[in-house]
Amino acid sequence: MAITADQILDVISEEVPIDRAQLNPEATLESLNIASLDMISVMFALEDKYGLIIEQNDLADAKTLGDLIAVAQAKSAAAS
Amino acid sequence: MSHRRVVVTGMGVVSALGQGLPATFAALEAAKCGLAPISRQIGDDGIHTYHGPAGVVAPLDTTALEHRLGARPLAHLDPLSAFSVVAAFEAVEQAGLVGDPVLEHRTALVWGAGSGGNQTVEESYARVFLKGATSIHPLSIPKQMISAPVSHLSMTLGVQGAAFTVASACASSGHAIGEGLWMLRAGRADVAIVGGAEAALTYGSWIGWVALKAMADDACRPFSIQRRGMVLGEGAAALVLETYEHAVARGAPILAELSGYGASSDAHHITMPHGRGAEAAIRMAHEDAGLALDHPVLISSHGTGTPLNDKIESQALQNVYGAALDQNLVIATKSSHGHLIGGAAAIELVTGIAALNAKTAPAILNSLGPDPECQVPLARETQSIGYSALVSNSFAFGGLNAVLIAKRV
């Protein structure tokens, strides 16, 4: 089953960690002070939890949480 | 040689007996054993399993710390660093030094650890060797390095003075505390945050200790007949050391004076202890403290519960104190919280100082009866005491010894 936006945001909230209420798809990673190292932690957690493999290159252009969710969901759909 | 007096103004601890010194010492006074059987595995192949008694730390309550620091500094810490930060904050808070400007320039951090972040190491390589992955988490190295705890202490407390890790196996935090004492005596700092930690209840560490035949499969029974070995614990303990002048000038609570430190090496064997090293360290600590060998003392023993350690430690105590040994009392709190390896010396000094101040010696647990090879005066039950001084022994694998002496003030 394809991963939902909420599931992705839950993982981000837990891994960074950051208050879940601050996470909306329009927010930029920069404005949330989410570093690239934090994103790698998120990628490892997505893989451990959902078997979803995202490479660092896939996220090269991601600026907002919405971008990230789109990449993850595209990967998830391709895998299922 | 006269040098600056050093006192203890804060103490903190995390162990299987609880989070915080009040909870820990209450458990010790009540003769509560924090050791219980565990059954764990790494991976899910059902092969890499391990079982036995251990002293496990319950999930940490970091609410107060997160309130002060936010959640991020406490995320992604190996348990080794998490235990260290929680214990050190308790000590610094008790000393009333959180946010104090002295942390910026005149404070040192000296921290003991026997090994690094075992959980991080093993989870990283389990991913590679059990799951066939070819990459590991980018924080693997920063989380597992043996100096990670001291870096996190520096960052969370804002300490900008000299900060480093001391490793000498089961005596690591003893050496860390002793060297911190000398940094203050030498005038290199006014405050030293010292102690140590271990978090090694992991598969690889466990089977390593089992392979050494050092682990008891039943219980930790220091100085008892039929003792079968040590029981691993985990956790951390911290002390804030301060020059007497600095503590008095700011009206800080003085919990004890740290008055003596003896350190020696057996030059003998990588696992077998030799009594000459232990004896030398105890004598050196007394000389350093200016405390006569016939002055009655409470002895917080190394007391691991291994057949050889307890026998050699008993002989060392007999040889050093002679007839005066009978007026002393030996405690062995590893029987309650397990062996904290790099944190062992620190937790045993902290609980020993708490015992001096509470005038109560905690019972040595799980004894099956006296061993003729361990004829030392043991605290078989929790009892009232009137000692004014504590001798705390740590004798590590590889023959590295550290003995500390604290006095009630």
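Chain A is the first sequence line, chain B the second, and so forth, proteins listed ahead of strands; every chain is numbered from 1.
- Within the 3.5 Å criterion, the main-chain N or O of A:Glu15 finds a donor-acceptor partner in the side chain of B:His76.
- Interatomic distance, CZ of B:Arg72 versus CD1 of A:Ile18, reported as 5.0 Å (0.5 Å rounding).
- Residue-environment remark: CD (B:Glu66) exceeds the threshold of 12 foreign heavy atoms within 6.0 Å.
- Between A:Glu47 and B:Arg127 there is a salt bridge, with a side-chain nitrogen of the basic residue lying less than 4.0 Å from a carboxylate oxygen of the acidic one.
- Residue contact with chain B, scored on non-hydrogen atoms closer than 4.5 Å, is absent for A:Asp19.
- By the 6.0 Å contact criterion, CG on B:Asp45 is enclosed, its count of non-hydrogen atoms from other residues, nucleotides or ligands being greater than 12.
- Taking the side chain as every heavy atom from C-beta outward, A:Asp48 and B:Lys131 approach each other to under 4.5 Å.
- Taking OG of B:Ser140 as the start and CZ of A:Phe44 as the end, the distance is 7.0 Å to the nearest 0.5 Å.
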